[in-house]
A.B. asks: 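Structure incoming, see below.
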Amino acid sequence: MIAELQKITAEVLSEKFDCPTEADSVAVNYTKDDIDGDYTIVLFPYVKRLGKNPMELGKEIGEEIVGALSTAKSYNVLKGFLNINLTDAYYKDLLKKISQDPEYGREERNGKKVMVEFSSPNTNKPLHLGHIRNILLGWSVSQILDEVGYEVIKTQIVNNRGIAICKSMLAWSAYGEGATPESTGIKGDHFIGKYYVEFETRFKAEYKTWQESAEGKAVYQASKKEEQTAEAFFKAFKNNYFNTHSALGSKAKDVLLKWEAGDTAVVDQWKMMNDWVYAGFDVTYDKLGVSFDSMYYESDTYLLGKQHIEQGLEKGVFYKKDDGSVWIDLEDQKLDHKLVLRSDGTSVYMTQDIGTVEQRYAETGAEKMVYTVADEQDYHFKALFAIMKKLGASYADGLHHLSYGMVDLPTGKMKSREGTVVDADVLMEEVAVEAKNSAAEKGEIAEMSAEEQAEVIDRIAKAALKFFILRVGAKKRMVFDPKESLDMQGQTGPYIQNAYVRIASVLRKQEGDLAQHDTYTDLQEEELVLIQELAKYPEILQSSADNYDPSNLANYCYNLAKSYHRFYHEQRILTAETEAAKHFRIDLSVQVAKVLKRGMFLLGIDMPERM
RNA sequence: GGCUCCGUAGCUCAGCUGGAUAGAGCAGCUGACUUCUAAUCAGCAGGUCUCAGGUUCGAAUCCUGACGGAGUCACCA
């Protein structure tokens, strides 16, 4: 419709006014809510160019449009804006088209593959609120990309090696006394996290003791900068202490060395403990309703990439310093020189990532790869993508960093050291309790069986949590108030579910088959609004996919639900004035339910039939 | 210090490819359940869109600068 209006306007301007105009350049918008009209054409640019009165110009174009388009009913010109009203028949036809398409909004398969990486946890501690945002975003973007035509491969890389997991291993060996998740009844990831904390606590104590020892004091006196307090010095010196003085540190490093050397006992322990963590993660993923199509493990990939460094050196993309370290100059990208291989020949993060991208492309042929990683790594991914481009990777332009802001608490940043991290499992449990309390005051749920109740409450709780997080634009840092996120009223997931449930309820009470409603005329305002909203759905999907941002879709679902609630309140459905009106409204409701259900599904949110 | 992102109502957020009087929800105050589910609806109140310039017929939106916040600039991952 927009294209048609643009075309006619451009023709009129070009032919009648000798004012050559590109159709694309004509500004056509949806008319503002409180103004009469459906579409609005902005006249100012031509008023100025032609030196014509806006009213006259608007009339000329308006006449032409109403004459040329059978779907255009009338027009009005207001303050330089030409508003076009469309006929009821046009909207009824729109609804009919939507109604005839059972997979409305879903695009033809485009034959392209896209790999979406998300979650990517470390195996030394459980998932937290930050992971939840990551997972919900990654999952939802995957779903949306699938909906607009891609074949999506959902993947994650598990950071299962390195010094961190060695700390947990060491603590478990020393203080675990053979305990297992099974013997203690603790979820595997939490179990490992416990030993990580155990290590850190002991290390802290050890460090504290050392600071007061003669050696510690001597080091402080010898190495401190001017005016530096002991507290500041020791804070900065912590890593150094771990590497050079700490008994615990040297034991942990010893475990890491043995792991890298393939020491059977260490590797076996590592496998066993990581398996506990994976089992724990799986439970959380399951609760979140997400799954993966493939997995990568850092233990398999951390040595990758060196051969690409060699090739890059040959091509002259990289250069070698005297000490043997390899670098790339990214100053033309407004980035610095970046190290890609250490002087001792071992890899850094970047080396691995180069190797991993190449491996993934070789394995899947995906032309697009999306990395769901927090915005603190913006710089890293910019550099990685620039490097791949310089290396001449054919898919380099298809690489995308789905960068999202950190989640803050009302009290500030989440800090694991200060124990202010919100654990994913605990949070979900809290939301479930809140949903249960909320539901207790409502009528319908009480009549269900215990099993049904639990199922419905679970859906409501998940909807509340997921919608709260997904409605915020991904790039934006967001504040997560545990209390507010538990809200079930207003701009929330349950509000949208409630609209769906209302429709489901009406449909249950409807008797007999759905009849034709061609004779229904005189569309009501609330009905018009709903059809207009429904018609926007495909373009919303497309823009969510283009921007890798589900918040568009989330807000759309809310708006659609809101329009429905209003419609529901203003118009009778089952007891409508005429049979035609009744069937029209039922059809309309069915279409709203269809879109709400699908849209929310793409956000990873399930709809209950009752609540 | 360089670079990147952010700054909209008391709070949490929409709106940002320039268009009419800047929108929701929460919190506060009014009203609406004998009538398809009140997890709903209607209303009141709440704004210097951080500030200052610029471009434009028109700027929350684009540009420049300042201020405030965050991130990053590791032979860490």
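All chains are named by letter (A, B, ...) in the order of the sequence lines, taking the proteins before the strands, and each is independently numbered beginning at 1.
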A.B. asks: Would you measure the distance from the C1' atom in B:C75 across to the matching atom in B:A14 and give it in whole Å?
C.D. replies: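 That atom pair is separated by 45 Å.
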A.B. asks: B:A39 base to A:Thr492 side chain: any donor-acceptor pair below 3.5 Å?
C.D. replies: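 It does not, because no donor-acceptor pair links the side chain of A:Thr492 to the base of B:A39 below 3.5 Å.
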A.B. asks: Under 4.0 angstrom, heavy atoms only, what part of the nucleic acid is A:Glu298 near: base, sugar-phosphate, or nothing?
C.D. replies: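 Sugar-phosphate only.
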A.B. asks: So which nucleotide does B:C29 pair with, by the Watson-Crick or G-U wobble rule with both distances under 3.5 Å?
C.D. replies: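 Pairing partner: B:G43.
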A.B. asks: Figure out the NE2/C1' separation between A:His565 and B:A38, and round it to whole Å.
C.D. replies: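 About 10 Å, once rounded to whole Å.
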A.B. asks: Which base sits across from B:C13 as a Watson-Crick or G-U pair, both distances under 3.5 Å?
C.D. replies: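 Per the H-bond distance test, B:G23.
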A.B. asks: What distance, rounded to whole Å, do you find between the two P atoms, one in B:C6 and one in B:U17?
C.D. replies: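 Result for the P pair: 13 Å, nearest Å.
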A.B. asks: Quick one: A:Tyr495 OH to B:C41 C1', roughly how many Å, whole number?
C.D. replies: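 Atom-to-atom, A:Tyr495 to B:C41, this comes out as 9 Å.
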A.B. asks: From the list B:U21, B:C73, B:C41, which nucleotide is the closest neighbour of the side chain of A:His569?
C.D. replies: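 Nearest nucleotide to the side chain: B:C41.
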A.B. asks: Classify the angle between the aromatic ring planes of A:Tyr371 and A:Phe385 as parallel (below 30°), tilted (30 to 60°) or perpendicular (above 60°).
C.D. replies: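 Ring orientation, 0 to 90° scale: tilted.
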A.B. asks: Under 4.0 Å between any heavy atoms, over every strand shown, what does A:Gln571 touch: base, sugar-phosphate, or nothing? Just pick one.
C.D. replies: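 Base contact.
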A.B. asks: Under 4.0 Å from OP1 or OP2 of B:G71: is there any side-chain N or O of A:Lys413 that close?
C.D. replies: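 Yes, such a contact exists.
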A.B. asks: Might you work through the ring-ring contact (aromatic ring centres under 6.0 Å, His included) test for A:Tyr495 and A:His565, ending with a clear yes or no?
C.D. replies: CA-CA 9 Å; A:Tyr495 173 96; A:His565 277 307; 4.5 Å; yes
A.B. asks: Of all the nucleotides listed (B:U40, B:C73, B:G25), which has the minimum atom distance to the side chain of A:Gln491?
C.D. replies: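 When the side chain of A:Gln491 is considered, B:G25 is the closest of B:U40, B:C73, B:G25.
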A.B. asks: Looking at B:C76, I'd like to know if its phosphate oxygens (OP1 or OP2) sit under 4.0 Å from a side-chain N or O belonging to A:Tyr302.
C.D. replies: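 No, outside the criterion.
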A.B. asks: Are the aromatic ring centres of A:Tyr564 and A:Phe567 under 6.0 angstrom apart?
C.D. replies: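 Yes: the rings meet the under 6.0 Å criterion.
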A.B. asks: My understanding is that a pair needs two contacts under 3.5 Å, Watson-Crick or G-U wobble. By that rule, which nucleotide pairs with B:G68?
C.D. replies: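 B:G68 is paired, partner B:C6.
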A.B. asks: Report which part of the nucleic acid A:Val348 touches: base, sugar-phosphate, or nothing (heavy-atom distance under 4.0 Å, all strands).
C.D. replies: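 Sugar-phosphate: the residue A:Val348, judged by heavy atoms under 4.0 Å, touches backbone atoms but no base.
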A.B. asks: Using a cut-off of strictly less than 4.0 Å, decide whether A:Lys582 has a side-chain nitrogen or oxygen near OP1 or OP2 of B:C36.
C.D. replies: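 Answer is no, no contact under 4.0 Å.
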A.B. asks: Tell me if the aromatic rings of A:Trp270 and A:Tyr297 count as close, with their centers under 6.0 Å from one another.
C.D. replies: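 Not close enough - the centres of the two rings lie 6.0 Å or further apart.
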A.B. asks: Under the 3.5 Å rule, do the base of B:A20 and the side chain of A:Asn83 count as making a donor-acceptor pair?
C.D. replies: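 Counting by modelled atom types and ignoring angles, a donor-acceptor contact under 3.5 Å is found here.
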A.B. asks: Using the closest heavy atom to pick a nucleotide of RNA chain B for each, name whichever of A:Leu335 or A:Val479 lands nearer the 5' end.
C.D. replies: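 Upstream on the strand: A:Leu335.
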A.B. asks: Check every strand shown and say whether A:Leu341 touches a base, only sugar-phosphate, or nothing at a heavy-atom separation below 4.0 Å.
C.D. replies: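 Nothing, no heavy atom under 4.0 Å.
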A.B. asks: Closest approach to the side chain of A:Asp323, judged atom by atom: which nucleotide of B:G15, B:C75, B:A39 is it?
C.D. replies: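 Nucleotide nearest to A:Asp323's side chain: B:C75.
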A.B. asks: Evaluate the ring planes of A:Phe81 and A:Phe44, with Trp represented by its six-membered ring, and classify them as parallel (under 30°), tilted (30 to 60°) or perpendicular (over 60°).
C.D. replies: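 Perpendicular, since the angle between the ring planes exceeds 60°.
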A.B. asks: For the C1' atoms, the ones on B:C73 and on B:C11, what distance do you get once it is rounded to whole angstrom?
C.D. replies: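 Their C1' atoms lie roughly 34 Å apart.
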A.B. asks: Does B:G19 have A:Phe44 stacked on its base, where the ring centres are within less than 5.5 Å and the planes differ by under 30°?
C.D. replies: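 A:Phe44 vs B:G19: stacking yes.
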A.B. asks: Closest approach to the side chain of A:Tyr349, judged atom by atom: which nucleotide of B:A39, B:A77, B:C73 is it?
C.D. replies: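 Selected nucleotide: B:A77.
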A.B. asks: Any idea if B:C33 is syn or anti, going by the 90°-from-0 cut?
C.D. replies: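 Glycosidic conformation of B:C33: syn.
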A.B. asks: Would you state whether a donor and an acceptor, one from the side chain of A:Ser505 and one from the base of B:C36, lie under 3.5 Å apart?
C.D. replies: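 Donor-acceptor pair under 3.5 Å: no.
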A.B. asks: Can you tell me how the ring of A:His380 sits relative to the ring of A:Tyr349, calling it parallel under 30°, perpendicular over 60° and tilted otherwise?
C.D. replies: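 Correct class here is parallel.
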A.B. asks: Using atom CG of A:Asn29 as one end and atom P of B:U61 as the other, report the distance to the nearest whole Å.
C.D. replies: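 After rounding, the gap between these two atoms is 18 Å.
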A.B. asks: Under 4.0 angstrom, heavy atoms only, what part of the nucleic acid is A:Lys32 near: base, sugar-phosphate, or nothing?
C.D. replies: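 Contact class for A:Lys32: base.
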A.B. asks: Using a cut-off of strictly less than 4.0 Å, decide whether A:Lys562 has a side-chain nitrogen or oxygen near OP1 or OP2 of B:G25.
C.D. replies: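 Affirmative; the distance criterion is met.
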A.B. asks: Is the ring pair A:Phe242/A:Phe203 parallel, tilted or perpendicular, if the boundaries are 30 and 60 degrees?
C.D. replies: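 Ring orientation, 0 to 90° scale: perpendicular.
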A.B. asks: Among B:A39, B:A20, B:A14, which is the nearest nucleotide to the side chain of A:Ser438?
C.D. replies: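 The answer is B:A39.
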A.B. asks: Assign A:Thr40 to base, sugar-phosphate, or nothing according to its heavy-atom contacts below 4.0 angstrom with the strands shown.
C.D. replies: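 Base, at least one base heavy atom under 4.0 Å.
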A.B. asks: Taking 4.0 Å as the cut-off, does a side-chain nitrogen or oxygen of A:Arg342 come that near to OP1 or OP2 on B:C76?
C.D. replies: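 Answer is yes, contact under 4.0 Å.
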A.B. asks: In whole angstrom, give the distance that lies between atom CZ of A:Phe385 and atom C1' of B:U4.
C.D. replies: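 So the CZ-C1' distance, A:Phe385 to B:U4, works out to 15 Å.
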A.B. asks: Answer with base, sugar-phosphate or nothing: what part of the nucleic acid does A:Val42 contact at a heavy-atom distance below 4.0 Å?
C.D. replies: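 Base contact.
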A.B. asks: Should A:Lys509 be listed as having a side-chain N or O under 4.0 Å from OP1 or OP2 of B:U37?
C.D. replies: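 Indeed, a polar side-chain atom of A:Lys509 lies that close.
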A.B. asks: Where the side chain of A:Leu339 is concerned, which of B:C75, B:G15, B:C6 is the nearest nucleotide?
C.D. replies: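 Given the options B:C75, B:G15, B:C6, the side chain of A:Leu339 is closest to B:C75.
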A.B. asks: Rounded to whole Å, please give me the gap between OH in A:Tyr558 and P in B:G15.
C.D. replies: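 Going from OH in A:Tyr558 over to P in B:G15 covers 14 Å.
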A.B. asks: NA contact type, A:Ile163, heavy-atom cut-off 4.0 Å: base, sugar-phosphate, or nothing?
C.D. replies: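 Nothing, no nucleic acid heavy atom in range.
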A.B. asks: Name the closest nucleotide to the A:Arg508 side chain, picking from B:U37, B:A20, B:A24.
C.D. replies: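 The answer is B:U37.
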A.B. asks: Using atom C1' of each nucleotide, how far apart are B:G19 and B:U34 to the nearest Å?
C.D. replies: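 50 Å, rounded to whole Å.
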A.B. asks: Which nucleotide, if any, forms a Watson-Crick or G-U wobble pair with B:U56, using both distances under 3.5 Å?
C.D. replies: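 Here B:U56 is not engaged in any pair, so there is no nucleotide opposite it.
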A.B. asks: With a non-hydrogen cut-off below 4.0 angstrom, is A:Gly473 in contact with a base, only sugar-phosphate, or nothing?
C.D. replies: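 Sugar-phosphate contact only - A:Gly473 comes under 4.0 Å of backbone atoms but never of a base.
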A.B. asks: Which nucleotide, in any strand shown, forms a Watson-Crick or G-U wobble pair with B:U34, with both distances under 3.5 Å?
C.D. replies: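 WC or wobble partner does not exist here.
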A.B. asks: If you look at every strand shown and take non-hydrogen atoms under 4.0 Å, does A:Met478 touch a base, only sugar-phosphate, or nothing?
C.D. replies: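 A:Met478: backbone/sugar contact only, no base atoms under 4.0 Å.
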A.B. asks: Tell me: CG of A:Leu82 to P of B:A20, nearest whole Å?
C.D. replies: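 From A:Leu82 CG to B:A20 P: 16 Å.
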A.B. asks: I want to verify a distance call: between B:A39, B:G19, B:C75, whose nearest atom is closest to the A:Trp327 side chain?
C.D. replies: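 Selected nucleotide (nearest to the side chain): B:C75.
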A.B. asks: Could you tell me the separation between the CZ atom of A:Phe468 and the P atom of B:G25, rounded to a whole number of Å?
C.D. replies: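 Between P of B:G25 and CZ of A:Phe468: 16 Å.
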A.B. asks: Verify the contact: side-chain N or O of A:Lys476 to OP1 or OP2 of B:U12, cut-off strictly under 4.0 Å; return yes or no.
C.D. replies: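 Answer is no, no contact under 4.0 Å.
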A.B. asks: Taking everything shown except A:Lys253 itself, do over 12 heavy atoms lie less than 6.0 Å from its NZ?
C.D. replies: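 Atom NZ in A:Lys253 is crowded, with more than 12 foreign heavy atoms closer than 6.0 Å.
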A.B. asks: Under the criterion of centre distance below 5.5 Å and interplanar angle below 30°, is A:Phe81 classified as stacked on the base of B:A20?
C.D. replies: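 Yes, the aromatic ring of A:Phe81 stacks with the base.
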A.B. asks: Minimum heavy-atom separation for A:Ala464 and A:Val431, please, with both atom names.
C.D. replies: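 It is CB-CG1, 4.4 Å.
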A.B. asks: Starting from C1' on B:U8, measure out to CZ on A:Arg477 and report it in whole angstrom.
C.D. replies: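 Distance, rounded to whole Å: 19 Å.
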A.B. asks: Using the side-chain heavy atoms of A:Pro494, tell me which of these nucleotides is nearest: B:A39, B:C75, B:C41.
C.D. replies: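 Of the options given, the side chain of A:Pro494 lies nearest B:A39.
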A.B. asks: Below 4.0 angstrom, N of the basic side chain to O of the carboxylate: do A:Glu455 and A:Arg459 qualify?
C.D. replies: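 A salt bridge is present here (some side-chain N lies under 4.0 Å from a carboxylate O).
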A.B. asks: With a 4.0 Å limit, can you tell me whether A:Lys382 has a side-chain N or O closer than that to the phosphate oxygens OP1/OP2 of B:U4?
C.D. replies: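 Looking at the OP1 and OP2 atoms of B:U4, neither is under 4.0 Å from any side-chain N or O of A:Lys382.
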